[in-house]
Colleague: 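Have a look at this one.
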Amino acid sequence: MTLNIRVIAPDKTVWDATAEEVILPSSTGQLGILTGHIPLLTALDIGVMRVRIDKEWIPIVLLGGFAEVENNKITILVNGAEEATDIDPETAQQNLDEASKLLTEATSSRAQIEATQKIRKARARLQAIATLSS
């Protein structure tokens, strides 16, 4: 049996395929989903979703949202998503460096929160790229 997975961002469907296993970046930690999983609704954090298809793991960066699991169907609604193959490693590293600089220069709570979010997004992109090369 397989899982039917759909990742939907505000502007497009990012992923629509079947897989044997999914690991989601839930707000309480990594969450593994196999066929026959009980119904579930969970909040997703910024992080890397990993999808296993024929023994190969495919990383997809999720930028927060929700996932619903029911009857071997996983519907993932996210603020944004990126396939690791679409991410430029140099740009991701530059984004991390810039966000880190913004965090050290932040003078308000709002600026600190915004910089921290940018850091988390950049780290997720770099993690997804690293998963491709391993």
Side-chain angles (χ1 to χ4, degrees):
M1 290 191 72
T2 58
L3 298 165
N4 294 314
I5 305 161
R6 290 188 74 196
V7 178
I8 304 168
D11 57 340
K12 65 180 178 178
T13 297
V14 178
W15 182 268
D16 190 357
T18 59
E20 290 82 36
E21 182 177 0
V22 177
I23 299 175
L24 297 170
S26 80
S27 58
T28 57
Q30 298 292 307
L31 178 63
I33 307 290
L34 297 168
T35 57
H37 198 285
I38 62 169
L40 171 75
L41 181 63
T42 187
L44 298 176
D45 208 351
I46 294 170
V48 179
M49 173 179 84
R50 294 184 306 275
V51 180
R52 185 171 59 88
I53 301 174
D54 297 328
K55 298 183 182 180
E56 181 182 343
W57 287 96
I58 299 167
I60 300 172
V61 176
L62 302 181
L63 303 177
F66 294 91
E68 178 186 38
V69 179
E70 189 170 27
N71 297 326
N72 293 324
K73 293 180 184 176
I74 303 174
T75 303
I76 301 167
L77 303 175
V78 292
N79 298 325
E82 302 170 31
E83 290 189 54
T85 54
D86 295 337
I87 299 169
D88 176 48
E90 290 179 18
T91 302
Q93 185 61 53
Q94 287 174 352
N95 290 341
L96 178 59
D97 295 342
E98 290 169 9
S100 297
K101 184 179 177 186
L102 286 174
L103 183 60
T104 59
E105 296 172 353
T107 57
S108 68
S109 295
R110 180 182 177 115
Q112 288 176 338
I113 291 168
E114 289 174 357
T116 300
Q117 289 295 90
K118 288 179 181 182
I119 288 171
R120 294 178 67 214
K121 290 175 183 178
R123 284 185 179 156
R125 289 179 181 113
L126 290 170
Q127 180 185 359
I129 294 167
T131 301
L132 279 179
S133 58
S134 56

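All values reported here derive from a predicted model rather than from experimental measurement.
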Colleague: Considering non-hydrogen atoms only, spot the tightest contact between P59 and A128 and give its length.
Modeller: CG-O, 3.5 Å
Colleague: Please name the pair of heavy atoms, one in P25 and one in Q30, separated by the smallest distance, quoted to 0.1 Å.
Modeller: CA-NE2, 4.0 Å
Colleague: What distance separates T42 OG1 from E68 CD, expressed to the nearest 0.5 Å?
Modeller: 11.5 Å
Colleague: Identify the two heavy atoms, one from L126 and one from A92, that lie closest to each other, and give their separation to 0.1 Å.
Modeller: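 Between these two residues, the closest heavy atoms are CD2-CB, 3.7 Å.
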Colleague: So, the side chain of N79 versus the backbone of L63: is there a donor-acceptor pair under 3.5 Å, distance only?
Modeller: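 Confirmed, N79 side chain pairs with L63 backbone.
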Colleague: Does anything in residues 88-98 form a salt bridge (charged side-chain N to carboxylate O under 4.0 Å, His left out)? List the pairs, not counting sequence neighbours.
Modeller: none
Colleague: Quick one: pull up CD1 in I129 and CG in D86 and give me the separation to the nearest 0.5 Å.
Modeller: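 Atom-to-atom, I129:CD1 and D86:CG are 10.5 Å apart.
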Colleague: Got a salt bridge between R110 and E114, using NZ or NE/NH1/NH2 to carboxylate O under 4.0 Å?
Modeller: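 Salt bridge: yes.
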Colleague: Should side-chain heavy atoms under 4.5 Å link Ile, Leu, Val, Met, Phe, Trp and Tyr, which residues sit in the same cluster as L24?
Modeller: L3, I5, V7, V14, W15, V22, L31, I33, L40, L44, M49, V51, I53, I58, I60, L62, V69, I74, I76, V78
Colleague: Could you measure the distance from the NZ atom of K118 to the CZ atom of R123? Nearest 0.5 Å is fine.
Modeller: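 The distance works out to 15.0 Å.
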Colleague: N95 versus K121: any side-chain heavy-atom pair under 4.5 Å?
Modeller: no
Colleague: Looking only at non-hydrogen atoms, find the nearest pair between V61 and R125 and report the distance.
Modeller: CG2-CA, 3.9 Å
Colleague: Please list, chain by chain and in numerical order, all residues satisfying salt bridge (Lys or Arg N to Asp or Glu O under 4.0 Å) with E20, sequence neighbours excluded.
Modeller: none
Colleague: Within the 4.5 Å heavy-atom criterion, are D45 and R120 side-chain neighbours or not?
Modeller: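 They are in contact (side-chain heavy atoms under 4.5 Å apart), so the answer is yes.
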Colleague: Distance check, rounded to the nearest 0.5 Å: R6 atom CZ versus T75 atom OG1?
Modeller: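 Answer for the CZ-OG1 pair, R6 versus T75, is 7.0 Å.
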Colleague: If you look at every heavy atom in G80 and A9, which pair is closest and at what distance?
Modeller: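 Nearest heavy atoms, G80 then A9: CA-CB, 4.4 Å.
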Colleague: Can you establish whether the number of heavy atoms outside E105 located under 6.0 Å from its atom CD is more than 12?
Modeller: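 Yes, enclosed.
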